[in-house]
Number of protein chains: 2
Amino acid sequence: MNQPATPHAELRRAYLFADMPDDQLARLAHGMHMSELKQGQVLFRQGELAERFFMVREGLVKLYRLSPEGDEKIIEIIKPGQTFGEAVMFMGNQGRYPVNAEAVSDAHLFGFEQKVFLGVLRESHEACFGLLGSMSRRLHMLVNQIESLTLQNATYRLVAYLLDQIPGGVKHSPDLELTTPKGVIASRLAIQPETLSRILGKLRRANLIEVEGNHIMVRDVAALRKLVHMPPTET
Amino acid sequence: MNQPATPHAELRRAYLFADMPDDQLARLAHGMHMSELKQGQVLFRQGELAERFFMVREGLVKLYRLSPEGDEKIIEIIKPGQTFGEAVMFMGNQGRYPVNAEAVSDAHLFGFEQKVFLGVLRESHEACFGLLGSMSRRLHMLVNQIESLTLQNATYRLVAYLLDQIPGGVKHSPDLELTTPKGVIASRLAIQPETLSRILGKLRRANLIEVEGNHIMVRDVAALRKLVHMPPTET
DNA sequence: TCGCCACCTTGATCTTGATCAATCGGCACC
DNA sequence: GGTGCCGATTGATCAAGATCAAGGTGGCGA
């Protein structure tokens, strides 16, 4: 587990760890444990004492809230290489998770001790700055999500989500595919499954995307981009 | 401006500064400037380079996004003693404001240099932890807002907002009044002014609140609380 | 005092997306 | 090779809240 050449290369993928000094990272990694979740398995529930935070190695994990009536809203979908639960320590509610976490697919995780992390933060500015960066990113994402939920309709939200998910930095991104259960996308976008199905149908008929089970393939990035920049005039 | 006895008592009101070492706070305060905004005056716009962050001394400041069509969604209403714009530095978009800021009423602010703050953060863990705490609070608030927007209807959102705004820690809170323009509340809750007016009317007729211009007085906290815990069955 | 303007209220109607319902299509498990 | 179950699709209807359309009200400056 501790190769001398690339001690913790896998951990470095996470922004949180990217710039952390080697010795501090080693300290964190020393106390870490690995765990595997089966699809649908709950990792923790909202309100539980947060003694650990996590990094996803493989699979997808959803962070979500439930209404009293049982409706679910996914706040964030965590992908491999991302961390979650690391911001909890500083919450007013002295260390309780503000959301539920559950595996969307079979998943592998690293788990870290909050207490150890706290010690690392006290000793390393790089670690602090890493956490600040990670929290800033999350903050920004949430603000964007609020804007999207309140200022834009369901079609727009879906299109924006698709464009956000595909790597898409470059002109002709090689990978225009997205693999996520539809129910998960619906919950993330606060859309009913029936409505999502209709919107996907509409986009498919317009030859903008292709759908096959869990896979959504983006066919015409340019047209989707235009759809999102031009507001709500639709067929 | 620098009384020796209580050097920066006013600044200490902000969570961000509460536990910052005296000398660091002094350093920040040294470069700070004061500014006054008239009602409706814009402080900064989304996308501008963020060279400063702020603390409100008096008045209200709204942070908001605009849709291409000009619709506004208030993300947060900043009250006296609170800071804003301090989390921007660590954003991926190297220091650009993610929202617009405008005075809701005449306002007094302190402004601080991000650059100086960054220096303080490098030297003081307390400062880092203060910022982490402030960002955590904001994160939590945004998650709650997303839940509220997606899982709850307009009446519920308003009631939850009212209960959240009144100090309300104790049983019989002495101050059950809230003073905010209705348009601002509407935008914060993502409700149309017409709809807000109707909901306020409904609550007023049920003797749960009293409304007089900008003032909303909460009459029956217990009943409102019950309304929020019991879901959506309404008259 | 008047007149203007911004904001609020109230009523009528419309629209988006939710809900209800039926059917279909894998897929696992006997 | 059923059979039961879960998720997706599609159609029909419904409802919360938006939009459109008039008034009302109050503050404020001339």
Side-chain angles (χ1 to χ4, degrees), chain A residues 38-40 62 67 69-74 102 104-106 148-159 161 178-205 209-216 227 231-235, chain B residues 38-40 62 67 69-74 102 104-106 148-159 161 178-205 209-216 227 231-235:
Chain A
K38 287 170 313 198
Q39 180 177 124
K62 65 178 180 185
S67 76
E69 300 86 54
D71 296 329
E72 169 195 293
K73 170 63 174 79
I74 294 180
E102 178 185 319
V104 167
S105 58
D106 292 354
S148 185
L149 288 168
T150 55
L151 260 22
Q152 290 149 8
N153 67 23
T155 300
Y156 189 113
R157 290 210 296 282
L158 174 62
V159 172
Y161 178 77
L178 167 69
T179 302
T180 311
K182 299 202 179 101
V184 171
I185 298 179
S187 171
R188 165 61 231 274
L189 297 177
I191 294 173
Q192 238 42 44
E194 293 94 325
T195 302
L196 177 62
S197 178
R198 286 181 239 268
I199 297 175
L200 285 174
K202 189 175 66 179
L203 295 179
R204 197 169 28 70
R205 259 172 271 118
I209 63 173
E210 230 164 303
V211 180
E212 201 180 303
N214 276 350
H215 307 276
I216 300 177
L227 235 186
T233 334
E234 312 247 335
T235 312
Chain B
K38 286 171 313 197
Q39 180 177 125
K62 65 179 180 185
S67 77
E69 300 85 54
D71 297 327
E72 168 195 295
K73 169 66 175 78
I74 294 180
E102 178 186 318
V104 167
S105 56
D106 292 354
S148 184
L149 287 168
T150 55
L151 260 22
Q152 290 150 7
N153 67 24
T155 300
Y156 189 112
R157 291 209 296 282
L158 174 62
V159 171
Y161 178 76
L178 166 69
T179 303
T180 311
K182 298 202 180 103
V184 170
I185 297 178
S187 171
R188 164 61 231 274
L189 298 178
I191 293 173
Q192 238 39 49
E194 293 94 326
T195 302
L196 177 62
S197 178
R198 287 182 240 268
I199 296 174
L200 285 174
K202 190 175 63 179
L203 296 179
R204 198 169 27 70
R205 259 174 271 117
I209 63 172
E210 229 163 304
V211 180
E212 201 182 303
N214 276 350
H215 306 277
I216 300 178
L227 235 186
T233 336
E234 313 248 336
T235 311

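Excluded from the calculations below are hydrogen atoms, water molecules and symmetry mates; all remaining heavy atoms, backbone and side chain alike, are included.
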I'd like a table of atom pairs between the protein and nucleotides 12-17 of chain C - only N or O on both sides, under 3.5 Å - with the distance next to each one.
unit_1: dA12(C); atom_1: N6; unit_2: R198(B); atom_2: NH2; d: 3.4
unit_1: dG17(C); atom_1: OP1; unit_2: A154(A); atom_2: N; d: 2.8

In whole angstroms, the gap separating C1' of dT9(C) from CD of E212(B) amounts to 16 Å

Using whole Å, report how far CD of E194(A) lies from P of dA22(C).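 So the two atoms are 14 Å apart, to the nearest Å.
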
Could you go step by step and tell me if E69(A) and L151(B) meet the side chain to side chain contact (heavy atoms under 4.5 Å, CB included) rule? CA-CA 9 Å; E69(A) 300 86 54; L151(B) 260 22; over 6 Å; no

A side-chain contact here means heavy atoms from C-beta on lying under 4.5 Å apart; do [X] and [Y] qualify?
X: L203(B); Y: V159(B); answer: yes
X: H215(A); Y: L178(A); answer: no
X: T180(B); Y: I216(B); answer: no

Show me the donor-acceptor pairs, under 3.5 Å and distance only, between side chains in residues 186-199 of chain B and residues at least two apart or in other chains.
unit_1: S187(B); atom_1: OG; unit_2: E72(B); atom_2: O; d: 3.3
unit_1: S187(B); atom_1: OG; unit_2: E72(B); atom_2: OE2; d: 2.9
unit_1: S187(B); atom_1: OG; unit_2: I74(B); atom_2: N; d: 3.0

For Q39(A), does its backbone N or O pair with a side-chain atom of D106(A) as donor and acceptor, under 3.5 Å?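 Flag set: sc D106(A) to bb Q39(A) pair under 3.5 Å.
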
Interatomic spacing from [atom1] in [X] to [atom2] in [Y] - rounded to 0.5 Å:
X: Y156(B); Y: S148(B); atom1: OH; atom2: OG; value: 7.5 Å
X: Q152(B); Y: R157(B); atom1: CD; atom2: CZ; value: 8.5 Å
X: D71(B); Y: T150(A); atom1: CG; atom2: OG1; value: 9.0 Å

List the atom of K182(B), the atom of N214(B), and the distance in Å for their closest heavy-atom pair. N-OD1, 4.4 Å

Looking at residues at least two apart in the chain, or sitting in another chain, which of them share a side-chain hydrogen bond (donor to acceptor under 3.5 Å, both in side chains) with [X]?
X: S105(A); value: none
X: K73(B); value: Q145(B)
X: E210(B); value: R219(B)

What are the 5'-most and 3'-most nucleotides of DNA chain D lying under 4.0 Å from any heavy atom of chain B?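 Answer, 5' to 3': dG17(D) to dC20(D).
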
Rounded to 10°, the helix from dT1(C)-dA30(D) to dC30(C)-dG1(D) deviates from straight, judged by its five-pair end axes, by 30°

Tell me which residues in residues 180-188 of chain A put a heavy atom below 4.0 Å from DNA chain C, sorted by number, or none. none

